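What follows is one structure encoded as structure tokens, with my remarks underneath.
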There are 2 protein chains.
Amino acid sequence: MTEQTLWNRTRQAVYDEIARTAMGLFLAHGFEATTIDEIAKAAGISRRSFFRYFGTKEDIVLGDLAAKGELARVALEARPDGEDPWTALRQAFHAIKDVAYDGETMLKVTRMMYETPSLRARHIEKHLQWQASLLPEVRRRLRADATDPLDVRAEALVACAITCLDVAGEAWARSNGAVTLPELFDSAAAALRP
Amino acid sequence: MTEQTLWNRTRQAVYDEIARTAMGLFLAHGFEATTIDEIAKAAGISRRSFFRYFGTKEDIVLGDLAAKGELARVALEARPDGEDPWTALRQAFHAIKDVAYDGETMLKVTRMMYETPSLRARHIEKHLQWQASLLPEVRRRLRADATDPLDVRAEALVACAITCLDVAGEAWARSNGAVTLPELFDSAAAALRP
DNA sequence: TGCCTACCTGGCACTGAGTGCCAACCAGGC
DNA sequence: GCCTGGTTGGCACTCAGTGCCAGGTAGGCA
């Protein structure tokens, strides 16, 4: 982890402040309708400085997604060694929890994510990084040969598990929270193995 | 289908010419390194006119992907009624054939697609449209209730079938064509039901 | 105390994608 | 010959994102 110097703490505070401000604007006027100039102005920083904290506008919304992927990887590696890889993946994904906002806000943010094309695209892009980070462990469990061009079992399992999570997320956003995300995820995953 | 007036035929010819020219530039200098100004100049049209044929640079590469989705939908609807939905999806995807370029070029284009972030993102976006278009038929076969927020079986099946195709495509591009795409797709799909 | 270094900041200029608007053009129908 | 629908190029604009530079500020050190 990054050591907690004064610099880093200040930086983190500014980062959080920008994210908070921007999210408020997004929820009030929509993601696409909010320009980076507006965010910078509202957060009291220059446009140029904004890009020192966030590479793109999308990163504000999807910031902690990479961290969640690491959570899933750690959880997967903690699953018992003999467990069926697909089951292990399913269980590992239950370790992912959203704590950034309260339930109502989380629903709004999720809906925004699935409805805004550029956000949706970046979201999936981050999932591709999850895939890369989970792949080695699933390969190990399958005793798969990474050099065999025909053996795509590990890739397929990981990618489809993530896809199920995505399907569940979209259904959750549409359902207005009538059902829980883990419930939906299990329902999606079960559909593949009747 | 659009009726074949003189206007439409001319328009189609220009469209094809732009696509051909642009693809040549992409393969020669890379997708991101090629600007729209360069494409327009090489194709002998104005920058403004380019955007009347293609909404984005990515659409040049992914142009016929929507048509392929329709191909898959038609093939799915033609599968026998009693067939297991997952099997029907698998078989339907075998109807998708690439005929746009010769094998070697197709490999290069595919590799470019998987390696360029913006292309990859749009590619997945198009796949989301496939999902929407295939969903009703799979729901019908599952006798699924579209209003039940917990029933995500159809979504999961369609999305994962597409994901398998995507996994297969990436593996194919990486393998330099050592194995065929249908082979890889079957291998990926089989991994989910051992 | 004063200097040096590291890091941050705002501002400016630039590229490149994508859009709105307008004046000009051209083929076919009446 | 005129009208109409569709097209074209050009101009100006917005917005995202990057490179560069000059200035500030905190902390370490002599």
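Proteins get letters first, then strands, A, B, ... in listed order; numbering begins at 1 in each. Fair warning: this is a prediction, and the values are worked out from it, not measured in the lab.
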Roughly how many Å is it from [atom1] in [X] to [atom2] in [N], rounded to a whole number?
X        : N       : atom1 : atom2 : result
Asp37(B) : dC14(C) : CG    : C1'   : 14 Å
Glu32(A) : dG18(C) : CD    : P     : 13 Å
Lys57(A) : dT18(D) : NZ    : C1'   : 18 Å
Tyr15(A) : dT9(C)  : OH    : C1'   : 19 Å
Phe51(A) : dC20(D) : CZ    : P     : 17 Å
Glu58(A) : dG17(D) : CD    : C1'   : 11 Å
Phe54(A) : dA16(D) : CZ    : C1'   : 16 Å
Phe50(A) : dT9(C)  : CZ    : P     : 13 Å

Next item on the list: Compute whether any side-chain donor of one residue and acceptor of the other, for Tyr114(A) and Asp166(A), lie under 3.5 angstrom apart.
Entry: yes
Checklist line | Short side-chain donor-acceptor distance under 3.5 Å, Glu58(A) and Ser118(A) | finding: yes
Check: Can you check whether Ile60(B) reaches Phe26(B) side chain to side chain, under 4.5 Å on heavy atoms?
Finding: yes
Notebook entry, point to check: So do Glu170(A) and Val152(B) actually touch side chain to side chain, heavy atoms under 4.5 Å?
Noted result: no
Note to self: So that I can tick it off, tell me whether Glu137(A) and Arg79(A) are bridged by a salt bridge, with the cut-off set at under 4.0 angstrom between side-chain N and carboxylate O.
What the structure shows: no
Checklist line | Pairing residues for Asp148(B) by the side-chain hydrogen bond (donor to acceptor under 3.5 Å, both in side chains) criterion, not counting sequence neighbours | finding: none
Checklist line | Residue-phosphate contact under 4.0 Å: Thr35(A) side-chain N/O, dC15(D) OP1/OP2 | finding: no
Note to self: Need the bend value for the helix from dT1(C)-dA30(D) to dC30(C)-dG1(D): angle between end axes, 5 pairs each end, nearest 10°.
What the structure shows: 10°
Item checked: Distance-only donor-acceptor test (3.5 Å): side chain Arg47(A), base dG17(D) -> yes
Checklist line | Under 3.5 Å donor-acceptor pair, Arg48(B) side-chain atoms to dG18(C) base atoms | finding: no
Notebook entry, point to check: In terms of ring plane angle, is the pair Phe93(A) and Phe185(A) parallel, tilted or perpendicular, where the classes change at 30° and 60°?
Noted result: tilted
Next item on the list: Taking only the side-chain heavy atoms of Arg52(B) (C-beta and beyond), determine which of dA16(D), dC21(C), dG11(C) contains the nearest atom.
Entry: dC21(C)
Note to self: Base, sugar-phosphate or nothing for Tyr53(A)? Non-hydrogen atoms, less than 4.0 Å.
What the structure shows: sugar-phosphate
